[in-house]
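Here is the structure we will look at.
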2 protein chains.
Amino acid sequence: MLRETRHEKLLRLLREEGVLPVVEIARRLEVSEATARRDVSDLSGAGRLRRVYGGAIAREPVERPFAEEEVDDLPAKEAVAAGAAQLIRNGETVLLDIGTTTLQLARLLHGRKITVVTSSLAVYEELRADDEVSLVLLGGEVRRNYRSLVGQLTRAALREIYADRVFLGTSGVLADGRVLDTTEVEVPVKRAMLGSARQAVLLATPRKFPGTGSARVCQAEDIDMLITGQATDPATLATFREADVEVVQV
Amino acid sequence: MLRETRHEKLLRLLREEGVLPVVEIARRLEVSEATARRDVSDLSGAGRLRRVYGGAIAREPVERPFAEEEVDDLPAKEAVAAGAAQLIRNGETVLLDIGTTTLQLARLLHGRKITVVTSSLAVYEELRADDEVSLVLLGGEVRRNYRSLVGQLTRAALREIYADRVFLGTSGVLADGRVLDTTEVEVPVKRAMLGSARQAVLLATPRKFPGTGSARVCQAEDIDMLITGQATDPATLATFREADVEVVQV
DNA sequence: TCACACTCGCGCAAAGTCGCTCAGTCGCGC
DNA sequence: GCGCGACTGAGCGACTTTGCGCGAGTGTGA
(Lines give C-alpha, C1' and ligand atoms only; values in the text may rest on other atoms or scores of the structure.)
Protein backbone atom coordinates (compact mmCIF):
# COMPACT_ATOMS: atom_id res chain seq x y z
CA MET A 1 0.00 0.00 0.00
CA LEU A 2 1.18 3.50 -0.74
CA ARG A 3 2.15 5.32 2.34
CA GLU A 4 -0.01 8.33 1.66
CA THR A 5 -3.20 6.37 1.40
CA ARG A 6 -2.34 4.57 4.62
CA HIS A 7 -1.86 7.92 6.30
CA GLU A 8 -5.26 8.99 5.07
CA LYS A 9 -6.79 5.77 6.26
CA LEU A 10 -5.26 6.27 9.69
CA LEU A 11 -6.65 9.77 9.90
CA ARG A 12 -10.04 8.52 8.83
CA LEU A 13 -9.96 5.81 11.49
CA LEU A 14 -9.07 8.42 14.06
CA ARG A 15 -11.87 10.72 12.96
CA GLU A 16 -14.23 7.81 13.41
CA GLU A 17 -12.90 6.55 16.71
CA GLY A 18 -11.43 9.60 18.39
CA VAL A 19 -8.62 7.69 20.11
CA LEU A 20 -6.71 4.60 19.05
CA PRO A 21 -3.83 2.74 20.71
CA VAL A 22 -0.83 2.01 18.49
CA VAL A 23 -1.40 -1.74 18.67
CA GLU A 24 -4.93 -1.27 17.41
CA ILE A 25 -3.75 1.00 14.60
CA ALA A 26 -1.23 -1.65 13.55
CA ARG A 27 -3.93 -4.31 13.57
CA ARG A 28 -6.41 -2.26 11.57
CA LEU A 29 -3.85 -1.07 9.03
CA GLU A 30 -2.42 -4.58 8.78
CA VAL A 31 1.15 -3.43 9.32
CA SER A 32 3.70 -4.03 12.07
CA GLU A 33 3.62 -1.90 15.17
CA ALA A 34 6.92 -0.35 14.11
CA THR A 35 5.33 0.98 10.94
CA ALA A 36 2.22 2.10 12.75
CA ARG A 37 4.44 4.05 15.13
CA ARG A 38 6.25 5.63 12.20
CA ASP A 39 2.99 6.69 10.61
CA VAL A 40 1.66 8.10 13.84
CA SER A 41 4.93 9.93 14.37
CA ASP A 42 4.88 11.38 10.82
CA LEU A 43 1.34 12.64 11.19
CA SER A 44 2.02 13.96 14.64
CA GLY A 45 4.96 15.90 13.23
CA ALA A 46 2.68 17.31 10.55
CA GLY A 47 0.26 18.31 13.26
CA ARG A 48 -2.53 16.11 11.90
CA LEU A 49 -3.03 14.21 15.14
CA ARG A 50 -2.12 14.34 18.79
CA ARG A 51 0.38 11.83 20.09
CA VAL A 52 -0.09 10.31 23.52
CA TYR A 53 1.78 7.54 25.24
CA GLY A 54 0.43 4.29 23.82
CA GLY A 55 -1.60 5.74 21.00
CA ALA A 56 -2.96 8.71 19.09
CA ILE A 57 -5.87 11.10 19.48
CA ALA A 58 -7.67 12.87 16.66
CA ARG A 59 -6.84 16.53 16.37
CA GLU A 60 -9.62 17.36 13.98
CA PRO A 61 -12.94 16.98 15.71
CA VAL A 62 -14.33 13.47 15.75
CA GLU A 63 -16.89 13.13 13.00
CA ARG A 64 -20.26 13.62 14.55
CA PRO A 65 -22.66 13.89 11.65
CA PHE A 66 -25.40 14.55 14.13
CA ALA A 67 -23.75 17.28 16.09
CA GLU A 68 -27.41 18.27 16.21
CA GLU A 69 -26.64 21.81 17.23
CA GLU A 70 -26.11 22.61 13.62
CA VAL A 71 -26.64 20.76 10.43
CA ASP A 72 -24.41 21.97 7.66
CA ASP A 73 -26.17 23.35 4.59
CA LEU A 74 -29.54 22.99 6.30
CA PRO A 75 -31.81 24.90 3.89
CA ALA A 76 -30.68 22.77 0.94
CA LYS A 77 -31.26 19.59 2.94
CA GLU A 78 -34.70 20.75 4.02
CA ALA A 79 -35.63 21.48 0.42
CA VAL A 80 -34.51 18.05 -0.78
CA ALA A 81 -36.28 16.42 2.17
CA ALA A 82 -39.48 18.30 1.35
CA GLY A 83 -39.30 17.01 -2.21
CA ALA A 84 -38.92 13.48 -0.87
CA ALA A 85 -41.78 13.84 1.61
CA GLN A 86 -44.15 14.68 -1.25
CA LEU A 87 -43.60 11.27 -2.80
CA ILE A 88 -44.83 9.38 0.21
CA ARG A 89 -48.49 8.31 0.28
CA ASN A 90 -50.49 7.24 3.30
CA GLY A 91 -50.14 3.59 4.13
CA GLU A 92 -46.71 3.25 2.60
CA THR A 93 -43.69 1.66 4.18
CA VAL A 94 -40.52 3.71 3.74
CA LEU A 95 -36.96 2.74 4.54
CA LEU A 96 -34.78 5.57 5.82
CA ASP A 97 -31.00 5.56 5.64
CA ILE A 98 -28.81 7.31 8.20
CA GLY A 99 -27.60 10.86 7.69
CA THR A 100 -28.69 14.43 8.20
CA THR A 101 -30.76 14.71 5.03
CA THR A 102 -32.86 11.67 5.83
CA LEU A 103 -33.23 13.02 9.37
CA GLN A 104 -34.73 16.19 7.89
CA LEU A 105 -37.09 13.96 5.94
CA ALA A 106 -38.10 12.19 9.16
CA ARG A 107 -38.96 15.58 10.67
CA LEU A 108 -41.45 16.10 7.85
CA LEU A 109 -43.13 12.75 8.43
CA HIS A 110 -44.73 13.59 11.77
CA GLY A 111 -48.40 12.74 11.83
CA ARG A 112 -48.32 10.78 8.58
CA LYS A 113 -50.04 7.41 8.56
CA ILE A 114 -47.05 5.46 7.37
CA THR A 115 -44.54 2.87 8.49
CA VAL A 116 -40.94 4.06 8.81
CA VAL A 117 -38.19 1.45 8.88
CA THR A 118 -34.73 2.73 9.74
CA SER A 119 -31.22 1.97 10.95
CA SER A 120 -30.85 5.54 12.17
CA LEU A 121 -31.15 6.10 15.88
CA ALA A 122 -31.57 9.81 15.17
CA VAL A 123 -34.67 9.05 13.10
CA TYR A 124 -35.92 6.79 15.89
CA GLU A 125 -35.53 9.60 18.40
CA GLU A 126 -37.25 12.05 16.11
CA LEU A 127 -40.29 9.85 15.59
CA ARG A 128 -40.58 7.82 18.75
CA ALA A 129 -43.05 10.21 20.39
CA ASP A 130 -45.31 10.25 17.35
CA ASP A 131 -48.18 7.79 17.76
CA GLU A 132 -49.31 8.18 14.18
CA VAL A 133 -46.14 6.89 12.56
CA SER A 134 -45.54 3.20 12.97
CA LEU A 135 -41.84 2.80 13.59
CA VAL A 136 -39.59 -0.20 12.96
CA LEU A 137 -35.94 -0.32 13.96
CA LEU A 138 -33.51 -2.54 12.14
CA GLY A 139 -31.25 -4.33 14.59
CA GLY A 140 -27.49 -4.11 14.80
CA GLU A 141 -24.49 -2.83 16.66
CA VAL A 142 -24.93 0.67 17.98
CA ARG A 143 -22.42 3.10 16.42
CA ARG A 144 -22.43 5.96 18.81
CA ASN A 145 -20.70 8.61 16.65
CA TYR A 146 -23.09 8.12 13.81
CA ARG A 147 -26.14 7.21 15.83
CA SER A 148 -26.69 4.27 13.55
CA LEU A 149 -27.07 0.53 13.58
CA VAL A 150 -24.70 -1.55 11.50
CA GLY A 151 -23.41 -5.05 11.00
CA GLN A 152 -24.56 -8.50 10.19
CA LEU A 153 -27.74 -8.12 12.24
CA THR A 154 -28.79 -5.06 10.27
CA ARG A 155 -28.38 -6.90 7.01
CA ALA A 156 -30.29 -9.89 8.40
CA ALA A 157 -33.14 -7.56 9.37
CA LEU A 158 -33.18 -6.06 5.89
CA ARG A 159 -33.65 -9.51 4.37
CA GLU A 160 -36.97 -9.69 6.25
CA ILE A 161 -38.18 -6.31 4.97
CA TYR A 162 -39.60 -5.08 1.71
CA ALA A 163 -40.50 -1.40 1.63
CA ASP A 164 -42.24 0.77 -0.93
CA ARG A 165 -39.29 3.13 -1.15
CA VAL A 166 -35.87 3.54 0.32
CA PHE A 167 -34.46 7.03 0.83
CA LEU A 168 -30.68 6.96 0.70
CA GLY A 169 -28.31 9.66 1.83
CA THR A 170 -24.75 10.03 0.56
CA SER A 171 -21.53 11.89 1.23
CA GLY A 172 -20.67 12.41 -2.44
CA VAL A 173 -21.67 11.62 -6.01
CA LEU A 174 -19.11 11.46 -8.80
CA ALA A 175 -19.70 12.64 -12.37
CA ASP A 176 -19.72 9.03 -13.61
CA GLY A 177 -22.64 8.25 -11.33
CA ARG A 178 -20.81 6.53 -8.51
CA VAL A 179 -22.45 7.11 -5.13
CA LEU A 180 -19.95 7.40 -2.27
CA ASP A 181 -19.82 7.20 1.51
CA THR A 182 -17.15 8.10 4.04
CA THR A 183 -17.52 5.13 6.37
CA GLU A 184 -16.96 1.66 5.05
CA VAL A 185 -19.01 -0.19 7.64
CA GLU A 186 -22.17 1.56 6.49
CA VAL A 187 -21.74 0.46 2.88
CA PRO A 188 -23.05 -3.11 3.20
CA VAL A 189 -26.11 -1.78 5.03
CA LYS A 190 -26.82 0.77 2.32
CA ARG A 191 -26.46 -1.89 -0.34
CA ALA A 192 -28.81 -4.20 1.51
CA MET A 193 -31.31 -1.34 1.72
CA LEU A 194 -31.21 -0.98 -2.07
CA GLY A 195 -32.33 -4.58 -2.34
CA SER A 196 -35.14 -4.19 0.17
CA ALA A 197 -37.36 -1.65 -1.54
CA ARG A 198 -39.38 -1.32 -4.72
CA GLN A 199 -37.99 2.12 -5.48
CA ALA A 200 -34.62 3.61 -4.55
CA VAL A 201 -34.54 7.38 -4.04
CA LEU A 202 -31.21 9.14 -3.60
CA LEU A 203 -31.25 12.39 -1.64
CA ALA A 204 -28.27 14.60 -2.46
CA THR A 205 -27.97 18.35 -2.05
CA PRO A 206 -25.94 20.21 -4.75
CA ARG A 207 -22.89 20.27 -2.50
CA LYS A 208 -22.71 16.48 -2.67
CA PHE A 209 -21.55 16.81 -6.30
CA PRO A 210 -18.81 15.73 -6.08
CA GLY A 211 -18.73 15.88 -2.26
CA THR A 212 -16.45 13.51 -0.36
CA GLY A 213 -16.15 9.82 0.41
CA SER A 214 -13.80 6.96 -0.25
CA ALA A 215 -16.10 3.96 -0.34
CA ARG A 216 -18.35 3.19 -3.30
CA VAL A 217 -21.92 2.38 -2.35
CA CYS A 218 -23.51 1.92 -5.76
CA GLN A 219 -23.82 3.59 -9.16
CA ALA A 220 -26.46 5.50 -11.10
CA GLU A 221 -28.03 2.31 -12.49
CA ASP A 222 -28.96 1.14 -8.99
CA ILE A 223 -31.02 4.26 -8.32
CA ASP A 224 -34.58 4.95 -9.50
CA MET A 225 -34.93 8.59 -8.54
CA LEU A 226 -32.55 11.38 -7.58
CA ILE A 227 -33.80 14.36 -5.61
CA THR A 228 -31.42 17.31 -5.61
CA GLY A 229 -31.31 21.12 -5.96
CA GLN A 230 -31.11 23.56 -8.88
CA ALA A 231 -27.38 24.19 -8.57
CA THR A 232 -26.32 20.59 -9.13
CA ASP A 233 -23.66 19.87 -11.75
CA PRO A 234 -25.54 19.24 -15.05
CA ALA A 235 -23.00 16.75 -16.38
CA THR A 236 -23.57 14.43 -13.43
CA LEU A 237 -27.32 14.77 -13.80
CA ALA A 238 -27.00 13.81 -17.47
CA THR A 239 -25.19 10.64 -16.41
CA PHE A 240 -28.07 9.79 -14.11
CA ARG A 241 -30.71 10.50 -16.77
CA GLU A 242 -28.88 8.22 -19.19
CA ALA A 243 -29.10 5.51 -16.57
CA ASP A 244 -32.91 5.94 -16.56
CA VAL A 245 -32.94 7.73 -13.24
CA GLU A 246 -35.77 10.21 -12.74
CA VAL A 247 -34.10 13.45 -11.69
CA VAL A 248 -36.08 15.90 -9.57
CA GLN A 249 -34.61 19.35 -8.92
CA VAL A 250 -36.39 21.19 -6.13
CA MET B 1 -6.57 2.09 28.32
CA LEU B 2 -4.61 5.13 27.28
CA ARG B 3 -3.82 7.48 30.08
CA GLU B 4 -5.31 10.54 28.40
CA THR B 5 -8.59 8.84 27.72
CA ARG B 6 -8.69 7.56 31.27
CA HIS B 7 -8.29 11.12 32.47
CA GLU B 8 -11.23 12.19 30.33
CA LYS B 9 -13.28 9.31 31.58
CA LEU B 10 -12.50 10.22 35.15
CA LEU B 11 -13.62 13.78 34.54
CA ARG B 12 -16.80 12.51 32.92
CA LEU B 13 -17.50 10.26 35.89
CA LEU B 14 -16.99 13.20 38.19
CA ARG B 15 -19.35 15.38 36.18
CA GLU B 16 -21.94 12.64 36.51
CA GLU B 17 -21.44 11.92 40.18
CA GLY B 18 -20.14 15.14 41.64
CA VAL B 19 -17.92 13.47 44.24
CA LEU B 20 -16.12 10.15 44.08
CA PRO B 21 -13.85 8.41 46.59
CA VAL B 22 -10.52 7.19 45.26
CA VAL B 23 -11.44 3.55 45.82
CA GLU B 24 -14.55 3.99 43.70
CA ILE B 25 -12.57 5.74 40.98
CA ALA B 26 -10.11 2.85 40.94
CA ARG B 27 -12.94 0.35 40.68
CA ARG B 28 -14.73 2.15 37.87
CA LEU B 29 -11.58 2.82 35.89
CA GLU B 30 -10.40 -0.75 36.50
CA VAL B 31 -6.98 0.30 37.72
CA SER B 32 -5.23 0.01 41.05
CA GLU B 33 -5.83 2.62 43.72
CA ALA B 34 -2.26 3.78 43.27
CA THR B 35 -2.92 4.65 39.65
CA ALA B 36 -6.25 6.23 40.46
CA ARG B 37 -4.47 8.41 43.01
CA ARG B 38 -1.87 9.38 40.43
CA ASP B 39 -4.59 10.32 37.93
CA VAL B 40 -6.48 12.35 40.49
CA SER B 41 -3.25 14.04 41.46
CA ASP B 42 -2.40 14.84 37.81
CA LEU B 43 -5.80 16.35 37.14
CA SER B 44 -5.81 18.20 40.40
CA GLY B 45 -2.46 19.68 39.46
CA ALA B 46 -3.94 20.77 36.15
CA GLY B 47 -6.83 22.33 38.01
CA ARG B 48 -9.41 20.07 36.38
CA LEU B 49 -10.80 18.79 39.67
CA ARG B 50 -10.65 19.52 43.36
CA ARG B 51 -8.75 17.13 45.62
CA VAL B 52 -10.14 16.21 49.02
CA TYR B 53 -8.98 13.67 51.52
CA GLY B 54 -10.21 10.29 50.32
CA GLY B 55 -11.46 11.38 46.93
CA ALA B 56 -12.08 14.02 44.31
CA ILE B 57 -14.77 16.62 43.64
CA ALA B 58 -15.86 17.91 40.24
CA ARG B 59 -14.84 21.44 39.47
CA GLU B 60 -17.12 21.73 36.46
CA PRO B 61 -20.87 21.68 37.20
CA VAL B 62 -22.48 18.33 37.85
CA GLU B 63 -24.77 16.95 35.17
CA ARG B 64 -28.13 15.75 36.35
CA PRO B 65 -29.84 14.94 33.11
CA PHE B 66 -32.64 12.57 33.88
CA ALA B 67 -34.95 12.53 36.78
CA GLU B 68 -35.20 8.90 37.77
CA GLU B 69 -38.59 7.60 36.87
CA GLU B 70 -40.64 5.98 39.50
CA VAL B 71 -40.15 2.27 39.69
CA ASP B 72 -42.45 0.26 41.85
CA ASP B 73 -40.78 -1.87 44.52
CA LEU B 74 -37.42 -0.38 43.57
CA PRO B 75 -35.20 -1.64 46.43
CA ALA B 76 -36.19 -5.25 45.78
CA LYS B 77 -35.50 -4.85 42.07
CA GLU B 78 -32.15 -3.23 42.74
CA ALA B 79 -31.17 -6.11 45.01
CA VAL B 80 -32.10 -8.73 42.42
CA ALA B 81 -30.30 -6.74 39.72
CA ALA B 82 -27.18 -6.53 41.88
CA GLY B 83 -27.21 -10.30 42.29
CA ALA B 84 -27.45 -10.66 38.52
CA ALA B 85 -24.68 -8.16 37.83
CA GLN B 86 -22.30 -10.26 39.94
CA LEU B 87 -22.66 -13.16 37.54
CA ILE B 88 -21.40 -11.24 34.56
CA ARG B 89 -17.72 -11.48 33.67
CA ASN B 90 -15.72 -9.18 31.45
CA GLY B 91 -15.92 -10.07 27.79
CA GLU B 92 -19.31 -11.73 28.05
CA THR B 93 -22.28 -11.12 25.83
CA VAL B 94 -25.52 -10.75 27.74
CA LEU B 95 -29.04 -10.62 26.41
CA LEU B 96 -31.39 -8.30 28.31
CA ASP B 97 -35.15 -8.63 28.27
CA ILE B 98 -37.48 -5.65 28.64
CA GLY B 99 -38.85 -4.55 32.00
CA THR B 100 -37.93 -2.50 35.01
CA THR B 101 -35.81 -5.14 36.74
CA THR B 102 -33.59 -5.67 33.72
CA LEU B 103 -33.35 -1.89 33.40
CA GLN B 104 -31.97 -1.76 36.94
CA LEU B 105 -29.47 -4.40 35.88
CA ALA B 106 -28.44 -2.23 32.91
CA ARG B 107 -27.75 0.62 35.31
CA LEU B 108 -25.24 -1.58 37.08
CA LEU B 109 -23.42 -2.45 33.88
CA HIS B 110 -21.92 0.98 33.23
CA GLY B 111 -18.22 0.83 32.51
CA ARG B 112 -18.17 -2.96 32.20
CA LYS B 113 -16.32 -4.42 29.25
CA ILE B 114 -19.20 -6.45 27.92
CA THR B 115 -21.59 -6.69 25.01
CA VAL B 116 -25.22 -6.03 25.83
CA VAL B 117 -27.85 -7.23 23.37
CA THR B 118 -31.38 -6.05 24.04
CA SER B 119 -34.86 -5.45 22.71
CA SER B 120 -35.44 -2.81 25.37
CA LEU B 121 -35.26 0.78 24.24
CA ALA B 122 -34.99 1.81 27.90
CA VAL B 123 -31.80 -0.25 28.24
CA TYR B 124 -30.52 1.31 25.02
CA GLU B 125 -31.10 4.78 26.40
CA GLU B 126 -29.43 3.88 29.68
CA LEU B 127 -26.28 2.57 28.02
CA ARG B 128 -25.95 4.54 24.82
CA ALA B 129 -23.61 7.14 26.30
CA ASP B 130 -21.29 4.51 27.77
CA ASP B 131 -18.33 3.92 25.48
CA GLU B 132 -17.15 0.90 27.39
CA VAL B 133 -20.24 -1.23 26.87
CA SER B 134 -20.67 -2.50 23.35
CA LEU B 135 -24.37 -2.27 22.59
CA VAL B 136 -26.45 -4.25 20.12
CA LEU B 137 -30.12 -3.56 19.46
CA LEU B 138 -32.39 -6.27 18.21
CA GLY B 139 -34.62 -4.96 15.47
CA GLY B 140 -38.38 -4.84 15.43
CA GLU B 141 -41.49 -2.75 15.70
CA VAL B 142 -41.25 0.01 18.27
CA ARG B 143 -43.83 -0.42 21.04
CA ARG B 144 -43.95 3.01 22.56
CA ASN B 145 -45.66 2.33 25.88
CA TYR B 146 -43.37 -0.57 26.70
CA ARG B 147 -40.27 0.99 25.17
CA SER B 148 -39.55 -2.31 23.51
CA LEU B 149 -38.97 -3.91 20.13
CA VAL B 150 -41.19 -6.82 19.10
CA GLY B 151 -42.29 -8.86 16.15
CA GLN B 152 -40.99 -11.05 13.43
CA LEU B 153 -37.88 -8.89 12.97
CA THR B 154 -36.92 -9.26 16.62
CA ARG B 155 -37.14 -13.04 16.38
CA ALA B 156 -35.14 -12.99 13.15
CA ALA B 157 -32.43 -10.99 14.90
CA LEU B 158 -32.37 -13.45 17.79
CA ARG B 159 -31.70 -16.29 15.38
CA GLU B 160 -28.42 -14.53 14.51
CA ILE B 161 -27.36 -14.15 18.13
CA TYR B 162 -25.95 -16.48 20.75
CA ALA B 163 -25.23 -14.90 24.12
CA ASP B 164 -23.54 -16.18 27.25
CA ARG B 165 -26.60 -15.45 29.38
CA VAL B 166 -30.07 -14.10 28.97
CA PHE B 167 -31.67 -12.16 31.83
CA LEU B 168 -35.44 -12.46 31.68
CA GLY B 169 -37.97 -10.38 33.54
CA THR B 170 -41.48 -11.53 34.30
CA SER B 171 -44.81 -10.27 35.56
CA GLY B 172 -45.59 -13.34 37.61
CA VAL B 173 -44.46 -16.84 38.55
CA LEU B 174 -46.96 -19.54 39.55
CA ALA B 175 -46.36 -22.18 42.22
CA ASP B 176 -46.14 -24.89 39.55
CA GLY B 177 -43.20 -23.06 37.95
CA ARG B 178 -45.01 -21.38 35.07
CA VAL B 179 -43.48 -18.03 34.14
CA LEU B 180 -46.05 -15.46 33.03
CA ASP B 181 -46.26 -12.20 31.17
CA THR B 182 -49.04 -9.67 30.76
CA THR B 183 -48.56 -8.86 27.10
CA GLU B 184 -48.88 -11.59 24.56
CA VAL B 185 -46.82 -9.96 21.81
CA GLU B 186 -43.75 -10.09 24.01
CA VAL B 187 -44.03 -13.83 24.60
CA PRO B 188 -42.56 -15.03 21.29
CA VAL B 189 -39.63 -12.66 21.78
CA LYS B 190 -38.98 -13.95 25.29
CA ARG B 191 -39.14 -17.53 24.06
CA ALA B 192 -36.72 -16.75 21.26
CA MET B 193 -34.39 -15.21 23.81
CA LEU B 194 -34.40 -18.43 25.81
CA GLY B 195 -33.10 -20.21 22.73
CA SER B 196 -30.38 -17.68 22.07
CA ALA B 197 -28.26 -17.98 25.19
CA ARG B 198 -26.21 -20.60 26.96
CA GLN B 199 -27.74 -19.83 30.34
CA ALA B 200 -31.20 -18.48 31.16
CA VAL B 201 -31.48 -16.37 34.30
CA LEU B 202 -34.89 -15.33 35.56
CA LEU B 203 -35.07 -12.13 37.61
CA ALA B 204 -38.14 -12.01 39.87
CA THR B 205 -38.65 -10.00 43.05
CA PRO B 206 -40.68 -11.69 45.82
CA ARG B 207 -43.81 -9.80 44.79
CA LYS B 208 -43.76 -11.63 41.48
CA PHE B 209 -44.83 -14.79 43.34
CA PRO B 210 -47.53 -15.22 42.19
CA GLY B 211 -47.71 -11.74 40.61
CA THR B 212 -49.90 -11.25 37.55
CA GLY B 213 -50.02 -12.18 33.91
CA SER B 214 -52.17 -14.16 31.54
CA ALA B 215 -49.74 -15.43 28.96
CA ARG B 216 -47.41 -18.33 29.66
CA VAL B 217 -43.82 -17.66 28.63
CA CYS B 218 -42.14 -20.84 29.79
CA GLN B 219 -41.83 -23.11 32.80
CA ALA B 220 -39.28 -23.88 35.47
CA GLU B 221 -37.50 -26.45 33.29
CA ASP B 222 -36.60 -23.81 30.74
CA ILE B 223 -34.72 -21.74 33.29
CA ASP B 224 -31.19 -22.34 34.56
CA MET B 225 -31.05 -19.85 37.41
CA LEU B 226 -33.57 -17.85 39.40
CA ILE B 227 -32.53 -14.72 41.24
CA THR B 228 -35.04 -13.49 43.80
CA GLY B 229 -35.35 -12.13 47.36
CA GLN B 230 -35.57 -13.68 50.84
CA ALA B 231 -39.34 -13.28 51.15
CA THR B 232 -40.17 -15.42 48.14
CA ASP B 233 -42.74 -18.19 48.55
CA PRO B 234 -40.76 -21.35 49.51
CA ALA B 235 -43.15 -23.75 47.80
CA THR B 236 -42.55 -22.15 44.43
CA LEU B 237 -38.82 -22.14 45.03
CA ALA B 238 -39.00 -25.86 45.80
CA THR B 239 -40.66 -26.40 42.42
CA PHE B 240 -37.81 -24.58 40.73
CA ARG B 241 -35.15 -26.53 42.64
CA GLU B 242 -36.80 -29.78 41.62
CA ALA B 243 -36.51 -28.63 38.02
CA ASP B 244 -32.74 -28.28 38.52
CA VAL B 245 -32.87 -24.50 38.66
CA GLU B 246 -30.19 -22.86 40.75
CA VAL B 247 -32.04 -20.54 43.14
CA VAL B 248 -30.23 -17.45 44.45
CA GLN B 249 -31.87 -15.42 47.20
CA VAL B 250 -30.27 -12.02 47.65
C1' DT C 1 -5.81 12.47 74.45
C1' DC C 2 -5.24 8.22 72.35
C1' DA C 3 -6.09 4.20 69.56
C1' DC C 4 -7.65 2.70 65.27
C1' DA C 5 -8.80 2.66 60.53
C1' DC C 6 -8.17 4.77 56.56
C1' DT C 7 -5.52 7.47 53.16
C1' DC C 8 -1.32 9.40 51.23
C1' DG C 9 3.00 9.59 48.66
C1' DC C 10 7.17 7.26 47.65
C1' DG C 11 10.39 3.59 46.12
C1' DC C 12 10.65 -0.51 43.57
C1' DA C 13 10.10 -4.16 40.16
C1' DA C 14 7.51 -5.72 36.22
C1' DA C 15 5.21 -4.75 32.07
C1' DG C 16 4.40 -2.02 28.25
C1' DT C 17 5.86 1.52 24.86
C1' DC C 18 9.20 4.38 22.27
C1' DG C 19 12.59 5.57 18.97
C1' DC C 20 16.62 3.97 16.94
C1' DT C 21 19.50 0.95 14.09
C1' DC C 22 19.96 -2.63 10.87
C1' DA C 23 19.05 -5.93 7.47
C1' DG C 24 15.79 -7.54 4.05
C1' DT C 25 12.39 -6.50 0.23
C1' DC C 26 10.40 -4.12 -3.49
C1' DG C 27 10.06 -1.14 -7.53
C1' DC C 28 12.60 1.52 -10.84
C1' DG C 29 15.86 3.35 -14.01
C1' DC C 30 20.11 2.46 -16.26
C1' DG D 1 21.29 -7.69 -14.62
C1' DC D 2 22.34 -4.41 -11.08
C1' DG D 3 22.67 -0.67 -8.09
C1' DC D 4 19.74 2.79 -5.78
C1' DG D 5 16.40 4.72 -2.83
C1' DA D 6 12.21 4.06 -0.26
C1' DC D 7 9.92 1.37 2.86
C1' DT D 8 9.22 -2.37 6.00
C1' DG D 9 9.68 -5.56 10.10
C1' DA D 10 12.69 -7.29 13.93
C1' DG D 11 15.79 -6.42 17.77
C1' DC D 12 17.50 -3.56 21.47
C1' DG D 13 18.28 -0.23 25.13
C1' DA D 14 15.91 3.72 27.19
C1' DC D 15 11.94 5.51 28.95
C1' DT D 16 7.05 5.51 30.84
C1' DT D 17 3.45 3.63 33.22
C1' DT D 18 1.55 0.42 36.46
C1' DG D 19 0.60 -2.23 40.76
C1' DC D 20 2.25 -3.33 45.33
C1' DG D 21 4.41 -2.69 49.85
C1' DC D 22 5.75 0.41 53.38
C1' DG D 23 6.10 4.12 56.66
C1' DA D 24 4.08 8.51 57.53
C1' DG D 25 0.07 11.33 57.80
C1' DT D 26 -5.00 12.24 58.59
C1' DG D 27 -9.74 11.82 60.31
C1' DT D 28 -12.96 9.63 63.90
C1' DG D 29 -14.90 8.23 68.02
C1' DA D 30 -14.17 6.64 72.76
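Reminder, nothing fancy here: chain letters follow the sequence lines and each chain counts from 1.
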Name the nucleic acid region contacted by B:Arg38, choosing base, sugar-phosphate or nothing; use a 4.0 angstrom heavy-atom cut-off, strictly under.
->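 Base contact.
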A:Glu125 with A:Arg128: basic N within carboxylate O range, under 4.0 Å |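 Salt bridge between A:Glu125 and A:Arg128, a charged N being under 4.0 Å from a carboxylate O: no.
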Contact under 4.0 Å: B:Ser32 side-chain N or O vs D:dC20 OP1/OP2 |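 No, no such contact exists.
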State whether A:Arg51 places a side-chain N or O below 4.0 Å from either non-bridging phosphate oxygen (OP1 or OP2) of D:dT16.
->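 Result: no.
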Selection from [options] that lies nearest to any side-chain heavy atom of [X]:
X	options	value
B:Arg3	D:dG19, D:dT17, C:dG9	D:dT17
B:Thr35	C:dT7, C:dG16, D:dT18	D:dT18
B:Tyr53	C:dT17, D:dC20, D:dG25	D:dG25

[atom1] of [X] versus [atom2] of [N]: gap in Å, rounded?
X	N	atom1	atom2	answer
B:Glu4	C:dT17	CD	P	15 Å
B:Asp39	C:dG9	CG	C1'	15 Å
B:Ile25	C:dC6	CD1	P	18 Å
A:Glu33	D:dC7	CD	P	21 Å
B:Glu30	D:dT18	CD	P	14 Å
B:Met1	D:dT16	CE	C1'	17 Å

So which heavy atom on A:Lys208 is nearest to which on A:Thr101, and how close?
->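 Shortest heavy-atom separation between A:Lys208 and A:Thr101 comes out as NZ-OG1, 4.1 Å.
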Minimum heavy-atom separation for A:Val173 to A:Ala204, with atom names?
->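 Answer, listing the atom of A:Val173 first, then A:Ala204: CG2-CB, 4.4 Å.
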Can any side-chain N or O of B:Asp233 pair as donor or acceptor with the backbone N or O of B:Phe209 at less than 3.5 Å?
->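 Side chain of B:Asp233 to backbone of B:Phe209, a donor-acceptor pair under 3.5 Å: no, none is there.
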